[in-house]
Amino acid sequence: EVVGRIAAIRNERHLSQHRDGVGFFGFFESVDDRAVAGALLGRAETWLKAEGLAVARGPTSFTLNDPSGVTMLGGELRPSVLLGHTPAYYDSLLTANGYHKARDLLGYELSVEEIDAKLLRFNAELDQIGSAGVTIREIRMDRLEEEAALFAHVFSKAWERNWGSFPMLPQDFLHASKELGPFFDPGLGAVVTVHGEPAAVFLAVPDVWEILQKLDGRIGLTGLWRIWRGRHRLQRLRLLIAGILPEYRKLPIGPLALRQIRRRREAFSSVRTIELSWILEDNRITRELAESVSAKHCRTWRIYDKELDE
């Protein structure tokens with residue numbers, strides 16, 4: 001009987017950025033048994049130590065940009081696309097085996113009605129923003145490789161001082177667009193420029209897991225038909241990528257991006273909420289931006305560390 005699984009991960013991009021000796025574990029699943037969890041974690045720790053790494057961090061599968069963390073708040077909610085979801089007992093399994101909190105990742109949710117109400121407050125400012133040289137456009141599918149390079153550059157610069165971040169590569173963006181397939185909508189992406197210079201990038205995606213979770217892992221022809229039929233009936237979007245360069249963070253770029261996304265309402269008229277996930281607990285600027293448009297904290301995922309010399 002299979003009772004658990006784990007993977008040990010060496011992330012060269014993280015090590016190049018931070019030089020902190022951190023390795024990762026992920027794809028962690030275990031029955032509620034401390035000995036089973038300890039055997040799994042021990043195997044991963046042994047491999048990480050053999051790689052010369054000093055800290056085990058996780059769960060991340062593979063990276064923080066993939067499903068990560070132990071669900072601490074919002075376990076009763078259906079997980080959104082590309083976000084983690086675990087049993088609550090994983091916290092006790094990890095702490096019993098010497099792990100401690102490294103950071104919490106926070107999820108916020110915003111209703112479409114609240115967006116419309118809040119945008120009214122920003123309308124005058126947004127209508128005048130063009131005179132300051134600020135423009136916004138959707139993703140250009142005919143220049144997708146150029147757009148991928150632009151997204152990677154802006155996102156990496158915007159996040160370079162954040163805990164646990166590492167550079168995005170153009171191929172990461174291209175892979176995401178391919179993986180999302182028909183759910184990758186250029187109208188839900190945005191590039192903001194100021195006097196022609198890139199200032200911010202955003203990408204929201206429909207919550208395809210709303211359909212996939214109902215298929216119980218069986219797609220087939222019937223599943224493909226249900227996905228195609230249901231793609232415009234989804235009720236949630238997730239803001240997957242958001243990066244604003246530091247020198248432009250005083251501009252109302254967040255509301256500008258939300259207005260851009262709302263203009264795609266004809267394609268996703270059934271959407272009721274937008275999830276802003278995830279945000280680092282100590283990223284006060286982004287948290288305040290989310291809260292300024294009445295987004296509510298609805299989920300928390302925890303990342304854990306263990307020093308391997310103990």
Side-chain angles (χ1 to χ4, degrees), residues 1-15 17-107 162-166 209 212-218 275 277-282 297-310:
E1 180 185 1
V2 176
V3 292
R5 68 175 191 177
I6 200 167
I9 302 158
R10 181 186 179 96
N11 185 334
E12 296 294 352
R13 274 192 270 169
H14 174 96
L15 292 170
Q17 174 92 353
H18 298 280
R19 303 184 185 279
D20 55 5
V22 171
F24 297 86
F25 71 91
F27 301 95
F28 174 70
E29 293 190 24
S30 174
V31 296
D32 191 5
D33 185 308
R34 294 181 179 183
V36 170
L40 292 167
L41 293 163
R43 179 63 65 89
E45 291 161 14
T46 298
W47 188 89
L48 293 173
K49 288 172 72 173
E51 288 289 304
L53 299 169
V55 176
R57 175 173 295 165
T60 66
S61 307
F62 288 95
T63 73
L64 281 170
N65 296 334
D66 301 303
S68 298
V70 170
T71 304
M72 305 296 290
L73 174 69
E76 75 284 1
L77 303 174
R78 180 182 60 78
S80 296
V81 60
L82 299 176
L83 288 172
H85 189 84
T86 71
Y89 66 77
Y90 279 16
D91 175 62
S92 61
L93 293 183
L94 290 169
T95 55
N97 281 284
Y99 285 79
H100 58 85
K101 172 187 170 182
R103 285 294 191 286
D104 280 347
L105 315 177
L106 310 182
N162 284 348
W163 177 87
S165 69
F166 58 89
W209 283 14
L212 295 182
Q213 288 168 356
K214 296 176 182 177
L215 299 181
D216 196 28
R218 300 177 179 86
E275 181 157 352
S277 296
W278 46 260
I279 300 172
L280 281 169
E281 63 175 332
D282 51 3
H297 175 207
C298 61
R299 306 178 198 261
T300 299
W301 301 268
R302 181 157 295 171
I303 303 295
Y304 298 79
D305 277 358
K306 180 179 180 180
E307 289 68 34
L308 297 180
D309 57 354
E310 293 182 350

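What you are looking at is a predicted structure, and each value in this text was computed from that prediction instead of being measured. Residue numbers count from 1 along this sequence.
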Quiz prompt | Donor-acceptor under 3.5 Å (D33 side chain, V36 main chain) | solution = yes

Practice problem: Heavy atoms only: give me the nearest G164-H18 pair and the separation to one decimal. | Solution: C-NE2, 3.7 Å

Self-check item: Qualifying side-chain hydrogen bond (donor to acceptor under 3.5 Å, both in side chains) pairs, either residue in residues 69-85, two or more places apart
Solution: R78-D207, S80-R236, S80-E275

Quiz prompt | Minimum side-chain heavy-atom gap K101-M72 below 4.5 Å | solution = no

Quiz item: Of all heavy-atom pairs between E29 and Y90, which one has the smallest distance, and what is that distance?
Solution: CA-OH, 3.2 Å

Practice problem: Compute the centroid of each ring, for F28 and then for Y304, and state whether the two points are separated by less than 6.0 Å. | Solution: no

Quiz item: Which pair of heavy atoms, one from N97 and one from G38, lies closest together, and at what distance?
Solution: OD1-CA, 3.1 Å

Practice problem: Could you tell me whether the side chain of W47 reaches within less than 4.5 Å of the side chain of I6, counting heavy atoms only? | Solution: no

Self-check item: Heavy-atom pair of closest approach, residues S277 and L83
Solution: CB-CD1, 3.7 Å

Quiz prompt | Minimum heavy-atom distance A56-E45, with the two atoms named | solution = CB-CG, 4.4 Å

Exercise. Spell out, as yes or no, whether a donor-acceptor pair under 3.5 Å connects the side chain of W301 to the backbone of G84.
Key: yes

Quiz item: Any side-chain heavy-atom pair from L40 and F25 closer than 4.5 angstrom?
Solution: no

Quiz item: If we only count heavy atoms from C-beta on, is the L64 to W278 side-chain gap below 4.5 Å?
Solution: yes

Quiz prompt | Nearest atoms (heavy-atom pairs only) where E281 meets L106 | solution = CA-CD1, 3.9 Å

Counting only pairs under 3.5 Å, give me each side-chain donor-acceptor contact of residues 8-15, with atom names and distances, residues two or more places apart or in other chains.
{"residue": "R10", "atom": "NE", "partner": "E12", "partner atom": "OE2", "Å": "2.5"}
{"residue": "R10", "atom": "NH1", "partner": "E51", "partner atom": "O", "Å": "2.9"}
{"residue": "N11", "atom": "OD1", "partner": "R13", "partner atom": "N", "Å": "3.1"}
{"residue": "N11", "atom": "OD1", "partner": "H14", "partner atom": "N", "Å": "3.0"}
{"residue": "R13", "atom": "NH1", "partner": "P167", "partner atom": "O", "Å": "2.8"}
{"residue": "R13", "atom": "NH1", "partner": "D172", "partner atom": "OD2", "Å": "2.7"}
{"residue": "R13", "atom": "NH2", "partner": "D172", "partner atom": "OD1", "Å": "3.3"}
{"residue": "R13", "atom": "NH2", "partner": "D172", "partner atom": "OD2", "Å": "3.4"}
{"residue": "H14", "atom": "NE2", "partner": "D20", "partner atom": "OD1", "Å": "3.1"}
{"residue": "H14", "atom": "NE2", "partner": "D20", "partner atom": "OD2", "Å": "3.0"}

Quiz item: Hey, does T60 have a side-chain heavy atom less than 4.5 Å from the side chain of D66?
Solution: no

Quiz prompt | Side-chain heavy-atom pair S30, L93 within 4.5 angstrom cut-off | solution = yes

Quiz item: For L73, which residues count as a side-chain contact (heavy atoms from CB on, under 4.5 Å) partner, sequence neighbours excluded?
Solution: H297, T300

Exercise. Sort out for me which residue in P67, S61, P59 forms a side chain to side chain contact (heavy atoms under 4.5 Å, CB included) with F27.
Key: S61

Quiz item: With respect to R302, which candidate in L94, L105, D104 satisfies the side chain to side chain contact (heavy atoms under 4.5 Å, CB included) definition?
Solution: D104

